[in-house]
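Heads up, the thing below is written out as C-alpha cells.
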Amino acid sequence: ANFVLANRGDPALRALARDLARDQAGETADTLARGAASARKGRRAAKGSKRRSLRQLPEDWPWTLVEAMPTEQDRLITMVAIATGCRPEEIRLGIDVTRIDRCRVTFLVRGAKVSDRTQGGQPWRRLTVNACQALGPVASAFFTFVPKVGQTLTVSMAGQAWQKRLKRRALRLGWPSVSAYSFRHRLASMLKRHFAGEKDATRRDAISQILGHASDRSRQSYGMTRYG
C-alpha cells in the first residue's frame with residue numbers, strides 16, 4: 001500500500017489500511033481491465049479500417065504492386081503473399097513452393113504465431129492453390145520461378161527489407177494504407193465471400209485453416225486445404 005500509518009499497532013488503523021489497500025487494488029485492476037479492453041478495441045478498429053481501405057483501391061492493385069517491385073526476388077515474395085495471405089514473419093521462416101501441374105501449386109507455410117500456452121496458431125499449413133486464378137495476370141511470371149512439375153522452391157527473406165520496399169512503392173502509387181498485411185486482409189475478405197453459403201462454424205474453420213489461425217479441427221489437420 002502507498003499509505004503510512006502513524007501507529008501501526010492500532011487495530012483500527014490496520015483495518016483502515018487493509019480497506020484502503022483493497023480499494024486501491026480494485027481501482028488499479030479496473031483501470032488495467034479498461035485499458036486492455038480499449039487496446040483490443042483499438043486493434044480491432046485498426047484492422048477493420050485496413051480492410052475497408054482496400055475497397056478504395058483499384059481492382060488490379062496487387063498486380064500493379066508486383067510489377068512495381070524493383071527485383072525479381074521482391075516480385076516473387078509479393079506473389080507468394082498474394083496467393084497465400086501469409087504473414088511477413090512466415091516468409092522469413094521460409095515457404096516451400098511446389099508445382100503440381102499446369103496451374104496448381106502447394107505452399108508449405110511454417111506458422112509464425114504459434115503458442116503452446118494458448119494453443120494459438122498452427123505449426124504449419126499446406127495450401128493447394130490454383131495459381132492461375134489466384135495470381136491472374138502475373139501467374140505466368142510466377143511460373144518462371146517453378147517451371148517444372150514437381151519442382152520445389154523455398155521462398156524466404158531476411159529482416160524487413162521487402163516490407164519497407166513494398167511500403168515505399170505503395171506510397172509512390174498513392175496507396176498509403178497498403179502494407180505487407182494488406183494481402184492477408186484481401187484474401188480473408190475473398191474467403192469470406194467464397195464460403196458465404198456455408199454454416200458459420202464450417203466457414204470459420206475453413207478460413208482459420210487457410211490463414212493459420214487455430215481451431216478445433218484445424219489443429220488436427222494443420223490447414224491442409226484447397227481453394228481457387
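As the structure is a computational prediction, the values presented were derived from the model and not from experiment.
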Keeping the roles fixed (side chain from [X], backbone from [Y]), state whether a donor-acceptor pair exists under 3.5 Å.
X: Gln151; Y: Ile100; value: no
X: Arg92; Y: Gly159; value: yes
X: Gln56; Y: Trp175; value: no

Asp96 and Thr152 side chains, donor-acceptor separation under 3.5 Å: no
Considering all heavy atoms of both residues, which atom of [X] and which atom of [Y] are nearest to each other, and what is their separation?
X: Trp61; Y: Leu54; value: CZ2-CD2, 4.0 Å
X: Arg184; Y: Gly85; value: NH1-O, 2.7 Å
X: Arg110; Y: Leu93; value: O-CD1, 3.6 Å
X: Leu187; Y: Ala83; value: CD2-O, 4.3 Å
X: Trp63; Y: Leu135; value: CZ3-O, 3.5 Å
X: Gln163; Y: Ala180; value: CG-CB, 3.9 Å

Can you tell me how far [atom2] of [Y] sits from [atom1] of [X], rounded to the nearest 0.5 angstrom?
X: Thr98; Y: Arg126; atom1: OG1; atom2: CZ; value: 8.0 Å
X: Arg55; Y: Arg186; atom1: CZ; atom2: CZ; value: 14.5 Å
X: Ser156; Y: Glu90; atom1: OG; atom2: CD; value: 13.5 Å
X: Met69; Y: Leu166; atom1: CE; atom2: CG; value: 5.0 Å
X: Ile210; Y: Thr84; atom1: CD1; atom2: OG1; value: 11.0 Å
X: Ile77; Y: Ile82; atom1: CD1; atom2: CD1; value: 12.0 Å

Do the non-hydrogen side-chain atoms of [X] and [Y] ever get within less than 4.5 Å of each other?
X: Trp162; Y: Thr78; result: yes
X: Gln133; Y: Cys103; result: no
X: Val105; Y: Thr128; result: no
X: Leu76; Y: Val155; result: yes

Salt bridge Glu67-Arg169, side-chain N to carboxylate O under 4.0 Å: no
From CA spacing to verdict: side chain to side chain contact (heavy atoms under 4.5 Å, CB included), Leu65, Val178: CA-CA 10 Å; Leu65 262 179; Val178 170; 3.6 Å; yes
Verify same cluster id: Leu153, Phe107 (apolar side-chain graph, 4.5 Å): yes
Arg99 charged N/C atom sitting above Phe143 aromatic ring, 6.0 Å / 45°: yes
